[in-house]
**Q** 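I'd like to ask some things about the structure below.
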Amino acid sequence: MALTVKSTDDHALLNAEHELWATTFSYIKSMALKSALDLRLADAIHHHGGGATLPQIAARVTVHPSKIPCLRRLMRTLTVSGVFSVVQQQDVVVPAASVSNGTCNGGVAAEPLYALTPVSRLLVGSRNLVSIITMLLSPNFVTSFLGIGAWFEHSLPDPCLFTQAHGEALWTMADRDATFDALINDAMVSDSSFIMDIAIRECGEVLQGIGSLMDVGGGLGAAAQAISGAFPSLECTVMDLDHVVAKAPAGTDVNYVVGDMFESVPPADAVFLKWVLHDWGHEDCVKILKNCKKSIPPREKGGKVIIIDIVIGAGPSHVKHRELQSMFDLYMMIVDGIERDEQEWEKIFLEAGFSGYKVNDVMTFNQNSDMDLIISNGNPSPKLSFEKYFTLMEENSKS
């Protein structure tokens with residue numbers, strides 16, 4: 001009996017050690033993904049129709065011949081983590097090679113056939129997520145979190161993690177460093193092109209009946225361009241800071257205007273805010289939304305504010321979903337931002353002067369993804385209702 005208890009205790013200890021190691025090595029998985037982007041491994045597999053052997057992959061990427069065995073180890077990690085999969089073994093001809101005691105004759109060997117998975121398919125094609133993942137895994141962003149422990153030792157207000165690590169704010173660096181600015185802009189275009197295509201296809205009715213839309217903080221206008229393409233009669237305008245608007249693409253149906261959302265928002269039937277409010281604290285969000293409210297018509301004339309952002313605690317209750325939400329929230333500390341739960345959103349909306357809204361249509365666009373979408377038709381409701389963590393919220397102006 002004593003042996004059984006001891007064995008059970010040891011088993012629990014070893015399981016705990018396993019979890020500790022797995023958490024510690026999580027960054028290895030991220031760096032493996034980064035190397036896959038750097039080497040364009042997904043593109044190499046995609047080139048071969050979605051399935052390729054290691055020699056076929058190696059022939060398409062820049063890898064020194066001496067490191068082909070290391071590439072195999074990288075592929076094993078990426079396969080175990082779900083980025084790629086192994087669908088079958090394929091016989092390949094191994095050429096003859098010199099060995100210490102003579103020549104090894106060539107022959108036939110079984111090679112794994114690596115295939116794209118739903119995850120790696122997001123890294124190929126015209127609407128891929130390579131740019132935003134590249135930004136998130138870039139040195140300027142990753143190194144910011146190396147000092148998070150020291151950051152907690154100091155009282156607020158304190159420089160955010162990015163400023164603490166680099167001596168200047170993220171947006172200051174972007175303003176002076178064209179390469180870093182392009183990294184951010186490309187990332188936002190990548191994300192908007194992906195998410196807006198789905199949002200419009202699944203939930204486009206939220207934009208029906210709108211004559212004009214103001215995309216506040218819309219960057220280079222990828223989201224507005226997607227909306228304009230789906231609704232040609234809808235006049236879409238992007239408002240952003242002058243150095244952003246200066247880089248806006250020409251030849252689109254989207255208008256661009258220089259402005260500061262903390263000062264005012266140009267008038268429109270609807271104001272659109274995608275991944276903007278999570279960058280700012282409570283008081284700043286209230287100020288931004290008050291300016292948005294001033295710019296839209298009253299409720300009876302269809303004025304609305306549409307927000308895409310995360311809602312902590314909403315959506316499926318499984319551990320993976322909750323973990324991703326919490327990591328998003330912690331990540332936003334890089335710029336002193338925050339992801340909010342239902343109560344925190346509600347408080348902001350009410351303080352900004354909105355009377356409330358009702359979520360009445362839930363659209364889950366990928367059952368295998370942690371990203372789900374909600375729309376609201378803007379009916380007044382005393383209580384907010386959030387179901388998923390990527391949320392399209394329609395808020396009616398108080399008349």
**Q** Please name the pair of heavy atoms, one in G219 and one in V238, separated by the smallest distance, quoted to 0.1 Å.
**A** O-CG1, 3.5 Å
**Q** So, does Q164 use its side chain to make a donor-acceptor pair with the main chain of G147 at under 3.5 Å?
**A**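 Judged by distance alone, yes, a pair lies under 3.5 Å.
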**Q** Could you see if I310 belongs to whatever hydrophobic cluster contains M188? Use Ile, Leu, Val, Met, Phe, Trp, Tyr and a side-chain cutoff under 4.5 Å.
**A** yes
**Q** Is any side-chain heavy atom of M75 closer than 4.5 Å to a side-chain heavy atom of L54?
**A**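 Heavy-atom side-chain distance check passes, below 4.5 Å.
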**Q** To the closest 0.5 Å, what do you measure between SG (C236) and CG (D253)?
**A**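 Reported to 0.5 Å precision, the distance equals 9.0 Å.
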**Q** Give the ring-plane orientation class for Y331 versus F145, where under 30° counts as parallel, over 60° as perpendicular and anything between as tilted.
**A**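 Parallel.
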**Q** Write down the atom of F231, the atom of L207, and the distance for their closest heavy-atom approach.
**A**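 So the minimum-distance heavy-atom pair works out to CE1-CD1, 3.7 Å.
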**Q** Taking the basic N atoms (NZ, or NE/NH1/NH2) and the acidic carboxylate oxygens, is any pair closer than 4.0 Å for K274 and D191?
**A** yes
**Q** Looking only at the side chains, is there a donor atom on one of H47 and D43 sitting less than 3.5 Å from an acceptor on the other?
**A**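 No, D43 and H47 have no side-chain donor paired with an acceptor closer than 3.5 Å.
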**Q** Does any part of the side chain of D186, heavy atoms only, come nearer than 4.5 Å to the side chain of T134, both counted from C-beta?
**A** no
**Q** May I ask you to check whether H282 and E344 show a side-chain donor-acceptor distance below 3.5 Å?
**A**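 Per modelled atom types, H282 and E344 side chains form no pair under 3.5 Å.
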**Q** Please check this pair: side chain of S193 against backbone of S190, looking for a donor-acceptor N/O pair closer than 3.5 Å.
**A**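 Side chain of S193 to backbone of S190, a donor-acceptor pair under 3.5 Å: no, none is there.
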**Q** Same hydrophobic cluster for V257 and V276, using side-chain heavy-atom links shorter than 4.5 Å among ILVMFWY?
**A** yes
**Q** Applying a strict under-4.5 Å side-chain criterion to I, L, V, M, F, W and Y, I'd like to know whether M327 and L136 cluster together.
**A**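 Same hydrophobic cluster.
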**Q** Under 4.0 Å between a side-chain nitrogen and a carboxylate oxygen: does that hold for E346 and R340?
**A** no
**Q** Count I, L, V, M, F, W, Y as connected when their side-chain heavy atoms are under 4.5 Å apart, and connections chain through other members. Are V244 and M173 then in the same cluster?
**A**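 They do not share one cluster, since no chain of ILVMFWY contacts under 4.5 Å joins V244 to M173.
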**Q** Indicate the atoms forming the closest heavy-atom contact of K293 with G353, along with that distance.
**A** CE-O, 3.0 Å
**Q** Under a 4.5 Å cut-off applied to non-hydrogen side-chain atoms, are V305 and I296 in contact?
**A**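 The answer is yes, as the side chains (C-beta and beyond) meet within the 4.5 Å cut-off.
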**Q** Relative to each other, are the rings of Y27 and F25 parallel, tilted or perpendicular (30° and 60° limits)?
**A** tilted
**Q** Quick check against the 3.5 Å criterion: does T237 have a side-chain atom that pairs as donor or acceptor with the backbone of M214?
**A**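 Absent.
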**Q** Can you check side chain to side chain contact (heavy atoms under 4.5 Å, CB included) on K294 and N291, steps first, answer last?
**A** CA-CA 5 Å; K294 293 175 184 177; N291 287 335; 4.1 Å; yes
**Q** Answer yes or no: does atom CG of D38 have more than 12 heavy-atom neighbours from other residues, nucleotides or ligands under 6.0 Å?
**A** yes
**Q** Which pair of heavy atoms, one from G51 and one from L113, lies closest together, and at what distance?
**A** C-CD1, 3.8 Å
**Q** Can you measure from OG (S326) to CD (E323) and round to the nearest 0.5 angstrom?
**A** 6.0 Å
**Q** Below 30° counts as parallel, above 60° as perpendicular, anything between as tilted: where do the rings of F349 and W345 land?
**A** parallel
**Q** Pick out which of D240, V189, V245 makes a side chain to side chain contact (heavy atoms under 4.5 Å, CB included) with L220.
**A**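 Only one of D240, V189, V245 forms a side chain to side chain contact (heavy atoms under 4.5 Å, CB included) with L220, namely V189.
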**Q** With under 30° as parallel and over 60° as perpendicular, where do the rings of F328 and W275 fit, or are they tilted in between?
**A** perpendicular
**Q** Is the number of heavy atoms from other residues, nucleotides or ligands within 6.0 Å of CZ (R73) greater than 12?
**A** no
**Q** List the atom pairs, with distances to 0.1 Å, where a side-chain N or O of residues 148-156 and a protein N or O form a donor-acceptor pair under 3.5 Å, not counting sequence neighbours.
**A**
residue	atom	partner	partner atom	Å
W151	NE1	P159	O	2.8

**Q** Among H243, K247, R176, which residue satisfies the side chain to side chain donor-acceptor pair (under 3.5 Å) criterion with D181?
**A** K247
**Q** Are the side chains of R76 and F84 in touch, meaning some heavy atoms are under 4.5 Å apart?
**A**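 In short, these two side chains do not touch, never coming nearer than 4.5 Å.
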**Q** Check whether S228 reaches the backbone of A224 with its side chain - one donor and one acceptor, N or O, closer than 3.5 Å.
**A** no
**Q** So, for V311 and Q325, which heavy atoms are closest and what is the spacing to 0.1 Å?
**A**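 Looks like O-NE2, 3.2 Å.
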**Q** Quick one: does P55's side chain get under 4.5 Å of E111's, heavy atoms only?
**A** yes
**Q** Regarding T77 and K29, do their side chains bring together a donor and an acceptor under 3.5 Å, going by distance alone?
**A** no
**Q** Could you measure the distance from the CD1 atom of I307 to the CG atom of L277? Nearest 0.5 Å is fine.
**A**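 Reported to 0.5 Å precision, the distance equals 5.0 Å.
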**Q** Using the rule given for side chain to side chain contact (heavy atoms under 4.5 Å, CB included), can you reason through S138 versus L183, listing the C-alpha separation, both sets of side-chain angles and the distance that settles it, and then say yes or no?
**A** CA-CA 9 Å; S138 66; L183 178 73; 3.7 Å; yes
**Q** Going through the checks in order, is the side chain to side chain contact (heavy atoms under 4.5 Å, CB included) test met by L289 and L273?
**A** CA-CA 10 Å; L289 287 177; L273 295 155; 3.8 Å; yes
**Q** Checking the side chain of H166 only, and the main-chain atoms of E168 only, is there a donor and an acceptor separated by less than 3.5 Å?
**A** no
**Q** Enter the distance from I28:CD1 to L33:CG here, rounded to the nearest 0.5 Å.
**A**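 Answer rounded to 0.5 Å: 13.0 Å.
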**Q** Quick one: CG on L78 to OG on S85, what's the gap to the nearest 0.5 Å?
**A**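 So the gap between those two atoms works out to 11.5 Å.
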**Q** Rounded to the nearest 0.5 Å, what separation is found between the OG atom of S192 and the CG atom of D197?
**A** 11.5 Å
**Q** Would a 4.5 Å heavy-atom cut-off, applied to side chains only, mark I184 and F180 as touching?
**A**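 Heavy-atom side-chain distance check passes, below 4.5 Å.
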**Q** Can you confirm whether more than 12 heavy atoms, excluding those of E351, are under 6.0 Å from its CD atom?
**A** yes
**Q** Looking only at non-hydrogen atoms, find the nearest pair between A44 and V61 and report the distance.
**A**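 That closest heavy-atom pairing would be CB-CG1, 3.9 Å.
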**Q** Contact between N140 and F162 at the side-chain level, heavy atoms closer than 4.5 Å - yes or no?
**A** yes
**Q** Hey, does the side chain of E263 reach the backbone of D260 with a donor-acceptor pair shorter than 3.5 angstrom?
**A** no
**Q** Taking the side chain as everything from C-beta on, heavy atoms only, tell me whether L71 gets closer than 4.5 Å to L41.
**A** yes
